[in-house]
Each structure stands twice: as structure tokens, then as C-alpha cells.
Participant: 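Here it is, the structure, as C-alpha cells.
This chain uses plain numbering: 1 for the first residue, then up along the sequence.
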Amino acid sequence: MRIRRLLLIVLTVTAPVTFAVAQGDTVYVPPADTTFIDTVPPDTLAEPDSLTAARQALLDFAKRREEFKQSEQPRVPALSLIDSVSTYFASERLNQRSRVDASFYHDAGDYFRFDPSYFVIDYQSTPMRKTVQPFGLSSGRVNVIANRLPVEPFEHTVEPDGLVDFNDIPTALDSRVYVIPGPTGRLFGGKQVLATLVTLPEKTESTTPQSAFLVDQGSFEYNFVRGRFSKVFANRREIDLSIGYRNSDGATLGTADDVYHYTGRFYWPMGQKWAFRASGRLYDREGLFAVQPNLAGSVLKRDRIDRSAEMAVQRADSAHTSTVEFGYRYLKQKSHIDGGYKGRFNINGDGVFLAREWISGSSTIVRAELRGDMDEYIDGFDSFERSSGQISLRLVRLGSGWRLGGTAAAEYVEDRDWLPSVSVSAQKETGKALLLLSIGYASRAPSLHELHLRFQRTSVYDGVDLNYADQGNPDLKTERQLVASAVMELGSPDNNIRLSLTGGTIFDGIEWNSRRLTDSVGVPYRLFSPVNSDLDFINATVAHKLKLGSLITLTSGGTYRRVDFEVFADKPYLPEYQLFSGAELHVYWPQKIMHLYVYGEVDYVGPYRGHDRTGLGERLVANLKLSFRIKAFRFHYVFQNLLATVFEPHEYISNPGRFSYFGLTWGFLD
């Protein structure tokens, strides 16, 4: 019945665009990232008769081998807009990989630490929860595109804030890491227009496997083991796989953590025209969650599951300038809480989609897509279903000079009518400068969880009174985002200064709000519930990079932001300014073929407040990393919070001081 409803949705939205997606089959040889042409070099020997018999035999064998490859092997992959955008629109100037390698990371939230535009709250020195607020804004407005697919983790926490826990995003396959401000992220498949994290596996045309074994071990019984494997086969099959396991006792009682995850992507050509692709993710997390541990609050048990998959069959034309695909999407998410607060939240999703990609003109790649989805939300008592359908168009022009991209979409959400979205991006890059401009408008319907979270009042703060409650809001309006962004970097990739400005207006923004209330018998409690609020924001960042030969690399940056809410006089967890600075010393020891590194960084966050307390922030944290590298092996030792500063990143949850750990990265098959 659910699949029948999905097919009906797709058929309903297909009619207006049937003619549109049938145009533009201009023959064109795609860029190098989307077309692989294996030609035999011409024979430059002017006098073949002068060759010896042995050389002539070798030459004939080489020609026959190449002819066999071309006749028997599917050498040309299907057209891919996401590969083209990743190759030509994601500037290496925005790639955070080198900074991540110089510093350290525990999870995907640490990818944002180097850009003070983003406010990162690490609740504990070892994994418990990590949130990222683009330009200081909450409510989970960061698009995450991991290994070419959108990732939207779900978890309900006590004192909900709508933010994604970036501990829940696997990182083992992340060879390229892009943090992109503004609406440009919609070109990669994001829905919102504020900011986007794009992570991609190793890019290679070689058939040599790319692999790594990554290990971290540190204080509080912190252990994190990951492995990854990527390979492009001679017949153009592709595979990306990763596995990971993490556990920790936590820095304080009630923060134990146990996680495993698997991710995979397969591309399987079947002849010259047909192909099958599949991507999937399995994630399971169990542990303890402490509410206000500084005040001896409750310890809750939490259980998180995230299972998602996407499969599609593709058919390309003979010139590989046009591809049609039909696919299916599966989603299963679970967030269960046990203790003084009990919750059973489940999300089930099914979807089908039909897409066509083609090359128009000499350098423009277009993707038109029709999608139908059916989502179900279960709160342990009731079940709520919602159907939706979407028509979308993405295109990029990748010629010389300005690179242009645009998106347009109209989504029909049950009981919400049509939700339009549109964006335009322009980028120009030379060896001495980068300019990235974007503007976009997006609509976001409230989630079924935000609408239908059942009211619950319980005791979690001190174990005595019924002092905590949370509840959804069935009257929530659709959020509308209007955002513009400009990034200008002057200088070479190694020596430059960057200016970044992002701002806009969010109409009826969905924000989780906390209020102190009193019941009919005079007992006070705090209620968390989502509300709508208009807001205006502006965020300005200046960053600098200076590389002195191969010996020293210096980075620094600072951010100032202003956010005005219609219904909040002073929003919690919104610092006005942040600063960051890092320095790496690199020495090569040729006798041992060894690279030695010393890296230090400091970050400073301005003052902000929590729900009850003021005076949070205003703290400086220093980190130090020592490491060495020999070929594909690298060892590191990290002193996190080197000065042992005790502070509260979140209200009544203290960072206990210094945290040290060591580990290695080993590319054993490269």
C-alpha cells in the first residue's frame, strides 16, 4: 500500500516536467571526471620493418591487449553531476583535509573547529554529544552530504535543541572535507541554504586500492578504531567501504558510549549502457546521557539506530551524454531513552525517484528529478504518516572563466501545500584568487517529531520534583530561509587572506524554546517546545594563512556575528564573536625518510548564556599535537585542552581539563 501511494505521488508530479526533461541531447565529450576514454597511443616508429622480431611481437601483443580492453570492458562510466560538481565547483581552497590532518578530530563536528563562523559545542572530552551551529544559529540547519548522499541523523535528547549530533556521522571514508557557506551546498543535494558539509572518499583513476587503518586511544578508556577501503576496478566498477567501532567510559559518571557503524557504496556497470549503484549506512549507538551532571542530575540510557540505503538502476545513451535512473530509498531511525524520562521514537521512510542527467550545450550538466516519499513517525503510543513529492532541477556550467550553478525545486508536503526553493551560485578561481557568490531561498516543513512529540513531564534535574517537560507544537508554520553569501580569498592557496560574509532573514524559523512555568499547585518546571520566530543574522569572518617554505604554516581567523530574534531577547548558546589560531612546524629527516610535525592551536569563544546561567564562554583552549609520518604510516600524540582549563561549554556540564590520547593512521594497501 505504501509503495502504491509513492508511485501515485510520482505519477502526479511527473506530468508538468515530462517535456522539459526530454530536451537537450547535444553530443558532447564530458570533462575528465565523468568520462574515461582509453585510447591506444599512435605508433611513432617510422620504420616498423626495422624492428626486431621480439620487439614486433611485443608491440603486437600490446595492441591486442588494448583492443581487448576496449572491446570487452565497459570503460566509460555513466554521467554524474555530483562527481562533476565535486571536481570543479568544490574548490580545494575550501577543503579542510590538510587542516584536519595537521590537527586532530574525534568526529565530523571537529571539521568545523578551524572556521570560527561555526560555534561547536563539545559536551565532553570524550564522545557524548557534539553540536555545530552555523553562524551561531541552532535547529540543525547544516546540510550534510556524506559520500554523495544526504545524511540526516535523528535523536531526541532531554533539553532538545533541534541540533544534529555530529558524533553520529561516520568519518572513516572522508578523504576530502569541504565546509561550504551559503546556498552553494544545494548543488550537492542539500535542502537548506545556510551551510553544507561535503565529505568524499579518495578520488582516483588508478586501480590501486586506497585504504587506511585508523586507531585512537586515550584518557577515560577512549578507544576508536576505523578501517576504510576504496577501489576502482579495470572494468570501471567502484567500491567504497568503511567500518568503525568506538567506546568510552566518559569523563564523568553517566557518559559511557558504545558505537559501531558500517558504510558502503557500490557502482556496478552492466555492459556499455546499464549500471547499478547502491549506497548504505548502518549505525548503532548505546550509552548513558547525564543531565546536568554538575548538579547530580539524572543519568539516562539512550539507544540510537540509523539505517539508510539508496539503490538505483541507470541507463546511459551510447555517447554517455545522457543518463536515466530509477531508484528506491529506505530509512529506519530509532531514538530510545530510558530512565526518569522514557521515550520510544521511531522514524520509518520509503521513497522512489526518477532522474535524468544530460549535457546541454558545450559545458552545462543538468539533473532533473522526480521524487515521492512516505515517512512514518511513531512515539510509542501513536503513529503519524506524511507523504511528499518533489520536482527538482540542478544545473552547473563548468567551462572556463566563471563557473555557474543553479537549483530550483518545488516540494509538495501533505497538509503543507507546495514549498518552493531556488538558489544561484557563481565561482571564479585563479592561482591568485577565489570568489564564491551565492544567494538562495528554501522552505522547510517542520518534522513530524517537532509537530507531534507527546507531552511528558518528569523529574530529571534533582530527582525530587516533576521539574522538566517537553512537547511538540502542532501549530508550527513552515520555515522559509533567504540567505546570501560571499567568500573572497586573495593570494595563493598557501599564502592568502580570506573574507567571508553570510547573512539573511529566516521567516517563521523553527526554534526550540525553554520556558519556566508553574503548575496549578505552584510547582515550577521548565518546558521545552518548538516555536516559530522571525530572525535576521549577519556573520563576518576574516581568516589568514601563511606558509613559510615547507617548515612553518600559520593560520588564524576571527568572526563577529549579530542575530536578532523576533521572540527572544537573548537566545541561549549564541556567542557574539570567536577567534582561532594554529601553527604547524614540519621538519623532514631524509636519513630516516621521516616527516616530523609539531602543531599547536588556540581558540577563544566570547561570552554567552545558557537557559539559566550567564557568564558561559570567555574561555581560551589550547591543544598540542606531536606526530611523525613514514610513507603511508603516521603516528600522533595529542594533548587536548593543554592548559587544563576547567569550563562549562554547556550549562552544568563541565569540561574536566586535560585529555590526552595517541593513535595512528596506516594506509596498508596504498
Participant: Keeping Glu357 on the side-chain end and Leu81 on the backbone end, is there a donor-acceptor pair under 3.5 Å?
Facilitator: yes
Participant: Are side-chain heavy atoms of Leu476 and Ile510 found at a separation under 4.5 Å?
Facilitator: yes
Participant: For the residue pair Ser84 and Leu398, what are the closest heavy atoms and their distance?
Facilitator: CB-CD1, 3.7 Å
Participant: Asn532 side chain to Asp508 main-chain N or O, any donor-acceptor pair under 3.5 Å?
Facilitator: yes
Participant: State, with a plain yes or no, whether a side-chain heavy atom of Ile239 is found less than 4.5 Å away from one of Phe229.
Facilitator: yes
Participant: Is there a side-chain contact between Arg277 and Trp268 in this structure, where contact means two heavy atoms from C-beta onward sitting under 4.5 Å apart?
Facilitator: no
Participant: Does any part of the side chain of Arg315, heavy atoms only, come nearer than 4.5 Å to the side chain of Glu325, both counted from C-beta?
Facilitator: no
Participant: Could you tell me how the ring of His261 sits relative to the ring of Tyr283: parallel (under 30°), tilted (30 to 60°) or perpendicular (over 60°)?
Facilitator: parallel
Participant: Verify, without hydrogens or angle tests, whether Asp303 (side chain) and Glu286 (backbone) share a donor-acceptor contact under 3.5 angstrom.
Facilitator: no
Participant: For the residue pair Ser443 and Thr478, confirm or rule out a side-chain donor-acceptor distance under 3.5 Å.
Facilitator: no
Participant: In this structure, which one of Phe166, Phe224, Tyr111 forms a ring-ring contact (aromatic ring centres under 6.0 Å, His included) with Tyr105?
Facilitator: Tyr111
Participant: When you check the side-chain N and O atoms of His452 and Tyr377, is any donor under 3.5 Å from an acceptor?
Facilitator: no
Participant: Are Arg141 and Glu479 close enough for a salt bridge, meaning some N to O gap below 4.0 Å?
Facilitator: yes
Participant: To the closest 0.5 Å, what do you measure between OG1 (Thr131) and OH (Tyr118)?
Facilitator: 14.5 Å
Participant: Enter the distance from Ser80:OG to Arg367:CZ here, rounded to the nearest 0.5 Å.
Facilitator: 8.5 Å
Participant: State whether Arg285 and Asp257 are salt-bridged, where the test is any N-O pair (Lys NZ or Arg NE/NH1/NH2 against Asp/Glu carboxylate O) under 4.0 Å.
Facilitator: yes
Participant: Just to verify, what does Tyr341 make a side-chain hydrogen bond (donor to acceptor under 3.5 Å, both in side chains) with, not counting sequence neighbours?
Facilitator: His156, Asp470
Participant: Arg228 and Ser242: side-chain donor and acceptor closer than 3.5 Å?
Facilitator: no
Participant: Do Ser335 and Arg302 have a side chain donor and acceptor closer than 3.5 Å?
Facilitator: no
Participant: Ignoring hydrogens and geometry, is there a side-chain-to-backbone donor-acceptor pair from Arg113 to Ser103 under 3.5 Å?
Facilitator: no
Participant: Would you find a donor on one side and an acceptor on the other, under 3.5 Å apart, between the side chain of Glu411 and the backbone of Ser388?
Facilitator: no
Participant: Tell me whether Arg97 contacts the main-chain N or O of Asp174 through its side chain, where contact means a donor paired with an acceptor under 3.5 Å.
Facilitator: yes
Participant: Has Gln481 got a side-chain atom pairing as donor or acceptor with Tyr441's backbone, closer than 3.5 angstrom?
Facilitator: no
Participant: Counting distance only, does the side-chain N/O of Thr196 pair as donor-acceptor with the main-chain N or O of Ile180 below 3.5 Å?
Facilitator: no
Participant: Sub-3.5 Å donor-acceptor pair from the side chain of Asp165 to the main-chain atoms of Lys130, do we have one?
Facilitator: yes
Participant: Would you call Arg148-Asp83 a salt bridge at under 4.0 Å N-O?
Facilitator: yes
Participant: Is the backbone of Val225 close enough, under 3.5 Å, to the side chain of Gln217 for a donor and an acceptor to pair up by distance?
Facilitator: no
Participant: Would Asp216 and Arg226 pass as an ion pair if we require N to O under 4.0 Å?
Facilitator: yes
Participant: Got a sec: does the NZ of Lys477 have more than 12 other heavy atoms crowding it under 6.0 Å?
Facilitator: no
Participant: Regarding Ser279 and Glu310, is there a side-chain donor-to-acceptor distance under 3.5 Å anywhere?
Facilitator: no
Participant: Do you know the tightest heavy-atom contact between Pro530 and Trp512?
Facilitator: CD-CZ3, 3.4 Å
Participant: For the residue pair Ser322 and Arg356, confirm or rule out a side-chain donor-acceptor distance under 3.5 Å.
Facilitator: yes
Participant: Could you list the residues that satisfy side-chain hydrogen bond (donor to acceptor under 3.5 Å, both in side chains) with Ser138, not counting sequence neighbours?
Facilitator: Glu511
Participant: Distance only, no hydrogens: is a donor on one side chain within 3.5 Å (strictly under) of an acceptor on the other, for Glu376 and Ser383?
Facilitator: yes
Participant: Measuring only between side-chain heavy atoms, which start at C-beta, is Phe276 closer than 4.5 Å to Met311?
Facilitator: yes
Participant: Quick one: is the NZ or CZ of Arg176 closer than 6.0 Å to the six-membered ring centre of Tyr178, and within 45° of its axis?
Facilitator: no
Participant: Strictly below 4.0 Å, N to O, side chains only: are Asp284 and Arg307 in salt-bridge contact?
Facilitator: no
Participant: The criterion is side-chain hydrogen bond (donor to acceptor under 3.5 Å, both in side chains); which residues satisfy it with Glu202, sequence neighbours excluded?
Facilitator: Ser175
Participant: Hey, are Asp338 and Arg344 close enough for a salt bridge, meaning a charged N less than 4.0 Å from a carboxylate O?
Facilitator: yes
Participant: Could you check Ser425 against Ser438 for side chain to side chain donor-acceptor pair (under 3.5 Å), going step by step and ending with a plain yes or no?
Facilitator: CA-CA 4 Å; Ser425 300; Ser438 59; 4.7 Å; no
Participant: Is it true that Arg386 and Asp415 have a side-chain N and a carboxylate O under 4.0 angstrom from each other?
Facilitator: no
Participant: Between Ser230 and Asp240, is there a side-chain donor-acceptor contact under 3.5 Å, judged purely by atom types and distance?
Facilitator: yes
Participant: Any side-chain heavy atom of Leu197 sitting closer than 4.5 Å to one from Val177?
Facilitator: yes
Participant: Do Phe154 and His449 make a side-chain contact, defined as non-hydrogen atoms from C-beta onward lying under 4.5 Å apart?
Facilitator: yes
Participant: Establish, for the pair Lys231 and Phe233, whether the NZ or CZ atom is under 6.0 angstrom from the six-membered ring centre and no further than 45 degrees off its axis.
Facilitator: yes
